[in-house]
Amino acid sequence: MSGRAPYGLVAVTCAVIMVVLGTLVPGEGPAGPDQLAAKWVERAFGGDPGLLRLLVLPTEAYVLIPVAAVAAALCLIGRRRLEAALTVVGPLVAILGNTWVLKPLFGRWKTTYLAYPSGHTVALVAVLTVLVLLARPGVATAVISVVGAVVLAGVTIGMIGLGYHYLTDVVGGTLFAVATVCAAWSSLSWAERRREPVPSDG
């Protein structure tokens, strides 16, 4: 990984779309796409709550924390300190920012809790985005991206089917997680370059 571009641009683009979507969704109740998604999930998976709970499993802390810890350990073993910092800073900032800033700011309620953006989604996608950024360009990046997309699709179905979140909550969480991790990587890279010694002309 090198440089701030295009990570800074990706971060800004995702953040803008997330904010626009957040202003469009109703404070309570589903939006039009949410209703369509809920009806489809109910028809396809409504009779199997066990499967829905299994689909949501990758968002749990006891799954994500070990994954992030292993990634950080491998980075440290390989003396990739900047990447190791990203595995901690990216997801942590995303989760805290979502919980303490975005959810109260948008104020979208689902029953008794704030729902937009989805915290489960933010945690999952933040870790997945870190893994994509850490992977060497080529097959590894493609495999992680495809597997991550499949996992996210399953999580989306599970959370909608169990009534945890609306579709737009998941989309907003995905956008914010990608924006935060890309912004974190851009900032860490910039700070690292600032610390590099300037070559002497003498």
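Bear in mind the structure is a predicted one, so any value in this text is a computation, not a measurement.
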Side-chain contact test, heavy atoms from C-beta onward, threshold under 4.5 Å: evaluate it for [X] versus [Y] and give yes or no.
| X | Y | result |
| --- | --- | --- |
| Arg53 | Val56 | no |
| Thr156 | Leu152 | yes |
| Ile157 | Leu52 | yes |

Validation: residues 163-181 side-chain donor-acceptor distances under 3.5 Å, sequence neighbours left out:
residue, atom, partner, partner atom, Å
His165, ND1, Ala115, O, 3.2
His165, ND1, Asp169, OD2, 3.4
His165, NE2, Ser118, OG, 3.3
Thr168, OG1, Asp34, OD1, 3.0
Thr168, OG1, Asp34, OD2, 2.9
Thr168, OG1, Arg108, NH1, 2.6
Asp169, OD1, Arg108, NH1, 2.8
Asp169, OD2, Tyr166, N, 2.8
Thr174, OG1, Val170, O, 2.9
Thr180, OG1, Phe176, O, 2.8

Checklist entry - Who else is in the cluster with Val70 when I, L, V, M, F, W and Y are joined by side-chain contacts under 4.5 Å? => result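 Members other than Val70 - counting any ILVMFWY side chain reachable under 4.5 Å - are Leu74.
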Could you see if [X] belongs to whatever hydrophobic cluster contains [Y]? Use Ile, Leu, Val, Met, Phe, Trp, Tyr and a side-chain cutoff under 4.5 Å.
| X | Y | result |
| --- | --- | --- |
| Leu114 | Val25 | no |
| Leu128 | Val139 | yes |
| Leu105 | Trp109 | no |
| Phe106 | Val93 | no |
| Val150 | Leu131 | no |

* **N/O donor-acceptor pair under 3.5 Å between Lys110 side chain and Gly29 backbone** =>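 No.
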If I take atom [atom1] from residue [X] and atom [atom2] from residue [Y], how far apart are they, to the nearest 0.5 angstrom?
| X | Y | atom1 | atom2 | result |
| --- | --- | --- | --- | --- |
| Thr59 | Leu64 | OG1 | CG | 7.0 Å |
| Asn98 | Ile95 | CG | CD1 | 9.0 Å |
| Leu96 | Leu102 | CG | CG | 11.5 Å |
| Leu82 | Trp185 | CG | CH2 | 4.0 Å |
| Leu162 | Phe45 | CG | CZ | 12.0 Å |
| Ser186 | Leu86 | OG | CG | 11.0 Å |

Nearest heavy-atom approach of Val89 to Ala184 is CG1-CB, 4.4 Å
Taking all atoms of both residues into account, what is the closest heavy-atom pair of Leu76 and Ala84, and its distance?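 What the structure gives for the nearest pair is CD2-CB, 3.7 Å.
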Among Leu134, Val132, Val127, find the one that has a side chain to side chain contact (heavy atoms under 4.5 Å, CB included) with Val130.
->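 Only one option passes, and that is Leu134.
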Side-chain donor-acceptor contacts of residues 11-23 below 3.5 Å, not counting sequence neighbours, with atom names and distances?
residue, atom, partner, partner atom, Å
Thr13, OG1, Leu9, O, 2.8
Thr23, OG1, Val20, O, 2.6

Give the C-alpha distance, both sets of side-chain angles, the deciding distance and a yes or no for side chain to side chain contact (heavy atoms under 4.5 Å, CB included) between Tyr7 and Leu133.
CA-CA 10 Å; Tyr7 303 114; Leu133 293 178; 3.3 Å; yes
